[in-house]
S.K.: 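If you scroll down you'll find the structure; I have some questions about it.
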Amino acid sequence: MEKTACAKPIFRDKKRRVWELDFLRGIAVLAMCFDHLMFDLAYFRDWFSNSYDIENAFLSKLSLFASDYWSTGWVESAGFRFWAHYSFVFLFLFLVGTSCAFSRDNTKRGSMLAVVAIAFTGISFVLKTMGIMNYGIIFGILHCIALSILCAAAVDSLTRFNKYVNLFAPLVLGVVIISVGIGKEFWTMSLSYDHEFVNEHFLGYIFGTHAFGDDWFGLFPYLGAVLLGMYWGKAVYGYRQSLLPRLNGKWNKPITFVGRHALLFYLAHQVAIAGLVILVCLCLGYKL
């Protein structure tokens, strides 16, 4: 039987990638970079021994802006950063799910990312012993994405007996999981983090009933966003073609580049941003 062009996974062919998905993913990654830059600017003085001996009006204004930005991110205030953070996280995970609809082997993708996530956990605890991180990472965004991809693969495999069940099962499960997570007010976990790892809470860290670590994303409700994205990919991108081909052009290349290399940017951005802030501060006379 002759294979059609649509049988080829578009995310392995640069010429056939859906540009708007890369673009949206790039926007989400850049929003994450901005978020972490604001954190570093808000708390950079803790890194230097002579922070309060130096007065720099421009840097002080940046730090004040960053502090004001982060002050809107807590449950008590629920301001701009609070809603922007969850919006971009859900967008990114939704696009992870959309990619699952295109992939031939989500089990392999999820397993490979799980290995990266486990390695990242090990690195985080090394950084904890060095005093760079407070808690380390048990179940962060990489772990959540890896396990969510594996769950999406399982849902897809178990529902292949009927094309309609296969199409709508991710939608139904996604809505249920998000509803349960929101109903349980998952965001309030930020008010009740475990300050020490508790063995009895390990599954809770994964499912989202308990929180621990410098980076934490439980399956409820985030798995739901991945499953909704998987449904969207199946329903809307069945032919694996852009919905907006006429809008594609050179103008979006920088952002789609970021979107195509999202994992690389995730792994490198925190070190790069912190390094840049430290370098600028050292040039201004700050001492570590």
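Start at 1 with the first residue, then count along the sequence.
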S.K.: Considering residues at least two apart in sequence or located in another chain, which fulfil the side chain to side chain contact (heavy atoms under 4.5 Å, CB included) criterion with L37?
M.R.: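 With neighbours one apart ignored, the set is L41, I273, V277.
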
S.K.: Centroid separation under 6.0 Å, is that true for the rings of F139 and F212?
M.R.: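 They do not qualify: ring centres at least 6.0 Å apart.
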
S.K.: Would you check if the side chain of T72 reaches a backbone N or O of G79 as a donor-acceptor pair within less than 3.5 Å?
M.R.: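 No; zero donor-acceptor contacts below 3.5 Å.
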
S.K.: Give me each pair satisfying side chain to side chain donor-acceptor pair (under 3.5 Å) with a member in residues 29-40, each pair once, sequence neighbours excluded.
M.R.: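 Listed by first then second residue: D35-Y69, D35-R81, H36-H269.
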
S.K.: Going by side chain to side chain contact (heavy atoms under 4.5 Å, CB included), name the residues that satisfy it together with I255, two or more places apart in sequence or in a different chain.
M.R.: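 Per chain and number, I255 pairs via side chain to side chain contact (heavy atoms under 4.5 Å, CB included) with F23, I27, L30.
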
S.K.: So which pairs with a foot in residues 224-236 pass salt bridge (Lys or Arg N to Asp or Glu O under 4.0 Å), sequence neighbours left out?
M.R.: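 Residue pairs passing salt bridge (Lys or Arg N to Asp or Glu O under 4.0 Å), neighbours aside: D156-K234.
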
S.K.: Just jot down the salt bridge (charged side-chain N to carboxylate O under 4.0 Å, His left out) partners of R109, sequence neighbours excluded, or say none.
M.R.: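 With neighbours one apart ignored, the set is empty.
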
S.K.: Pairs in or reaching into residues 110-127: which pass salt bridge (Lys or Arg N to Asp or Glu O under 4.0 Å), with residues at least two apart or in two chains?
M.R.: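 The answer is none; no pair qualifies.
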
S.K.: With sequence neighbours left out, what residues match T256 under side chain to side chain donor-acceptor pair (under 3.5 Å)?
M.R.: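 For T256 there are no side chain to side chain donor-acceptor pair (under 3.5 Å) partners, ignoring immediate neighbours.
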
S.K.: Count the heavy atoms belonging to other residues, nucleotides or ligands that lie under 6.0 Å from CZ of F80, then report whether that count exceeds 12.
M.R.: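 12 or below, so no.
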
S.K.: How would you list, by chain and number, every residue that makes a ring pair (Phe, Tyr, Trp, His ring centres under 6.0 Å) with F92, sequence neighbours excluded?
M.R.: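 Scan of F92 (ring pair (Phe, Tyr, Trp, His ring centres under 6.0 Å), adjacent residues dropped) gives none.
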
S.K.: For W232, enumerate each residue passing the side chain to side chain donor-acceptor pair (under 3.5 Å) test, keeping only those at least two apart in sequence or located in another chain.
M.R.: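 Partners of W232 under the side chain to side chain donor-acceptor pair (under 3.5 Å) test: none.
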
S.K.: With sequence neighbours excluded, give me every salt bridge (Lys or Arg N to Asp or Glu O under 4.0 Å) pair touching residues 274-287.
M.R.: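 Pairs touching residues 274-287 that pass the test: none.
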
S.K.: With side chain to side chain donor-acceptor pair (under 3.5 Å) as the rule and sequence neighbours excluded, what pairs involving residues 117-132 come up?
M.R.: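 Matches after skipping sequence neighbours: T121-H143.
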
S.K.: Output all residues satisfying ring pair (Phe, Tyr, Trp, His ring centres under 6.0 Å) with Y231, sequence neighbours left out; order by chain, then residue number.
M.R.: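 Per chain and number, Y231 pairs via ring pair (Phe, Tyr, Trp, His ring centres under 6.0 Å) with F168.
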
